[in-house]
Amino acid sequence: MQGESIDELEAAFAALGPLIKEWRSSVASEFDPEMRPGTWMVLRTVLHAARSQGEPLTVSDIIAETQIDKSVVSRHLRDLKENGFVTLHRSEADARVFVVEPTEAARDREAAIKRIARSRYRLLFGDWEERDISELTRLLNRLAQSTHRLR
């Protein structure tokens, strides 16, 4: 990559970083006024896995996926459990492993949050061509897949 291209990319990430942080914070508080952004990241990971994989995650899975320290994930899970958004139970296969599943209340709220997010995306990308949105999606997915090199 050329130096100028990298500089432009770095500037774009710098501009997007605060917006993404603000968006994550906003979604967390819309989900629950007391929810911290980090707690939302953990819950979003649990909800996504339940939706896409059809099976619950272990605490270790959540740590690996979010790259958040074990003690911090544990605190977020405790908060989520106390607020009725997840259940935790020991694995039937291995009693040392805790399994995390979203509750129906969490799934219901996620559906409401998705409606809000979709309306924001429509506003944000309202004047974009469909092919540009598809290309951006393709490139972002490629970027997400490439991030394993940094870990």
Side-chain angles (χ1 to χ4, degrees), residues 1-81 83 85-88 98-151:
M1 289 186 104
Q2 302 298 324
E4 187 176 315
S5 296
I6 292 291
D7 290 345
E8 291 173 7
L9 181 62
E10 186 177 41
F13 278 127
L16 285 173
L19 295 171
I20 292 169
K21 185 176 180 180
E22 180 184 326
W23 193 316
R24 186 181 309 139
S25 181
S26 172
V27 170
S29 65
E30 287 169 0
F31 196 92
D32 183 294
E34 302 297 315
M35 187 175 285
R36 296 183 304 259
T39 306
W40 168 245
M41 277 183 56
V42 169
L43 179 58
R44 191 194 145 288
T45 301
V46 172
L47 287 162
H48 178 75
R51 216 178 32 255
S52 64
Q53 300 168 9
E55 50 188 69
L57 290 178
T58 65
V59 174
S60 297
D61 294 333
I62 295 167
I63 292 166
E65 178 70 25
T66 62
Q67 296 292 299
I68 299 174
D69 184 76
K70 181 179 181 179
S71 64
V72 177
V73 168
S74 295
R75 185 180 71 235
H76 290 313
L77 288 172
R78 185 186 66 238
D79 292 347
L80 289 166
K81 182 179 178 185
N83 288 309
F85 297 131
V86 298
T87 60
L88 281 95
F98 280 91
V99 175
V100 183
E101 296 183 82
T103 63
E104 206 54 44
R107 292 174 199 264
D108 291 345
R109 285 216 187 151
E110 181 194 31
I113 293 298
K114 277 188 163 292
R115 285 190 294 277
I116 293 168
R118 286 197 175 135
S119 67
R120 285 183 181 159
Y121 282 125
R122 284 186 193 98
L123 239 144
L124 184 61
F125 295 106
D127 59 348
W128 285 44
E129 296 291 327
E130 188 70 32
R131 70 177 181 278
D132 291 337
I133 296 170
S134 295
E135 180 66 4
L136 176 62
T137 302
R138 185 188 70 75
L139 291 170
L140 288 173
N141 283 325
R142 182 176 171 192
L143 175 63
Q145 293 298 314
S146 297
T147 60
H148 75 280
R149 292 183 219 149
L150 300 176
R151 293 182 182 166

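Throughout, numbering of the chain's residues begins at 1 and tracks the sequence. Note that the structure is a prediction, hence the values are computed from the model and not measured. We use all heavy atoms of the structure for the numbers below, so side chains are in, but hydrogens, waters and symmetry mates are not.
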Quick check: do [X] and [Y] have side-chain heavy atoms less than 4.5 Å from each other?
| X | Y | answer |
| --- | --- | --- |
| Arg142 | Gln145 | no |
| Pro102 | Val46 | yes |
| Arg75 | Arg36 | yes |
| Ile63 | Ile68 | no |
| Leu80 | Thr39 | yes |

**Request:** State the CG-OG distance between Leu9 and Ser5, to the nearest 0.5 angstrom.
**Result:** 8.5 Å
**Request:** Hey, could you give me the CD1/CE distance between Ile62 and Met41, rounded to the nearest 0.5 Å?
**Result:** 11.5 Å
**Flag, side chain of Asp132 to backbone of Trp128, donor-acceptor distance under 3.5 Å** = no
**Qualifying side chain to side chain donor-acceptor pair (under 3.5 Å) pairs with a residue from residues 100-113, counting only residues at least two apart or across chains** = Arg51-Glu110, His89-Glu101
**Fill in**
For residues 24-35, the side chain to side chain donor-acceptor pair (under 3.5 Å) pairs (sequence neighbours left out) are Ser26-Glu30, Ser26-Arg120, Glu30-Arg120
**Message:** If you compare all heavy atoms of Leu88 against all heavy atoms of Leu77, which two are closest, and at what distance to 0.1 Å?
**Reply:** CD1-O, 4.2 Å
**Asked** Where is the tightest heavy-atom contact between Val100 and Pro56, given as atom of each residue plus distance?
**Response** O-CB, 3.3 Å
**Item:** Pairwise ring-ring contact (aromatic ring centres under 6.0 Å, His included) hits with a residue in residues 17-39, at least two apart
**Value:** Trp23-Tyr121, Phe31-Trp40, Phe31-Phe85
